[in-house]
Amino acid sequence: MKLEVLKNKCTSCVKCTLSTTRNNVVFGRGNPDSNLFVIGEGPGQQEDEQGLAFVGRSGKMLDDIFLSVGIDTNKDCYISNIVKCRPPDNRKPLINEVSECMPWLTQQINLVKPNIIVLAGSTAVESYLGIKKPISQLRGSWIIKEDIKYMPIFHPSYLLRNPSKEKGKPKWLTLEDIKKVKKEL
Ligand code: URA
């Protein structure tokens with residue numbers, strides 16, 4: 001099955017109640033032939049309105065950090081989220097929402113076949129890998145599972161709240177993490 005076919009199916013998903021409050025299903029954006037896959041938490045308001053992943057302020061932050069090491073998020077990676085519909089008031093997705101939505105993500109990943117997956121924020125790490133630890137402890141170190149290398153990073157919304165570029169601060173650390181990703185690519 002092609003990614004476009006999967007997207008069409010996903011667009012009519014009503015498996016959980018997030019489908020009743022969404023404007024658009026946010027399936028993913030970027031290059032489906034890429035080796036790099038980025039997983040966020042879930043769409044925010046901008047993403048819900050436009051039907052595209054990471055296009056609001058967090059997305060701009062993500063784009064800028066990736067671009068600073070030469071990764072264009074539309075050409076050099078594919079970006080999606082743990083849940084494809086916006087949780088009301090940007091709350092964290094609930095356990096049942098994550099589990100109902102997960103088959104879409106696993107099928108996406110099976111089709112894109114990335115070697116590297118960047119997990120943005122603790123919700124992505126916990127939901128996808130089942131690892132429940134603070135992101136400050138996980139970020140920056142590769143996790144290898146079934147031939148895929150996973151790099152946990154701070155969620156870009158956290159970087160928006162902590163904008164200092166000073167050495168050792170979250171934004172500086174994230175740039176170091178993305179440099180590791182670039183090197184590995
Ligand atoms: N935050 C996310 O985790 N994903 C998006 O697509 C936008 C904001």
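As the structure lists them, so they are numbered: ligands from 1, and atoms in each ligand from 1.
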For Lys180 and Gly140, indicate whether the former's side chain and the latter's backbone hold a donor-acceptor pair under 3.5 Å.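 Yes, Lys180 side chain to Gly140 backbone: donor-acceptor pair under 3.5 Å.
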- Nearest heavy atom to atom 5 (C) of ligand 1 wins, so pick from Gly40, Gly121, Gly42.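 Looking at heavy atoms only, the winner is Gly42.
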query: For ligand 1, does Glu47 get within less than 4.0 Å through its side chain, its backbone, both, or neither, judged by non-hydrogen atoms?
result: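 Under 4.0 Å from ligand 1, Glu47 contributes side-chain atoms alone.
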How does His155 reach ligand 1, if at all, at less than 4.0 Å between non-hydrogen atoms: by side chain, backbone, both, or neither?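 Looking at His155 and ligand 1, just side chain atoms fall under 4.0 Å.
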Q: Give a yes/no verdict on whether any heavy atom in Gly56 is under 4.0 Å from an atom of ligand 1.
A: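 The answer is no, since Gly56 has no heavy atom less than 4.0 Å from ligand 1.
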Inset, instruction - Examine Leu36 and Ile65 and state if one hydrophobic cluster contains both, with Ile, Leu, Val, Met, Phe, Trp and Tyr joined whenever side-chain heavy atoms are less than 4.5 Å apart. - result: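 Yes; tracing contacts between hydrophobic side chains, which count when under 4.5 Å, links both residues.
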Original post:
Under 3.5 Å between some N or O of ligand 1 and some N or O of Pro43?
Top reply: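 So ligand 1 has no N or O lying under 3.5 Å from an N or O of Pro43.
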ask   = Considering distance alone, does some N or O of Asn81 sit under 3.5 Å from an N or O of ligand 1?
value =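 Yes: some nitrogen or oxygen of Asn81 is under 3.5 Å from one in ligand 1.
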**OP:** Could you please spell out the steps behind the side chain to side chain contact (heavy atoms under 4.5 Å, CB included) verdict for Val38 and Tyr78?
**Re:** CA-CA 6 Å; Val38 179; Tyr78 189 83; over 6 Å; no
Is Lys165 close enough and on-axis enough to Trp172, meaning under 6.0 Å and within 45°, for cation-pi?
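Pair Lys165/Trp172 does not count as cation-pi.
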(Q) For Ile95, I'd like to know if atom CD1 has over 12 heavy atoms of other residues, nucleotides or ligands within 6.0 Å. (A)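 Count not over threshold, so no.
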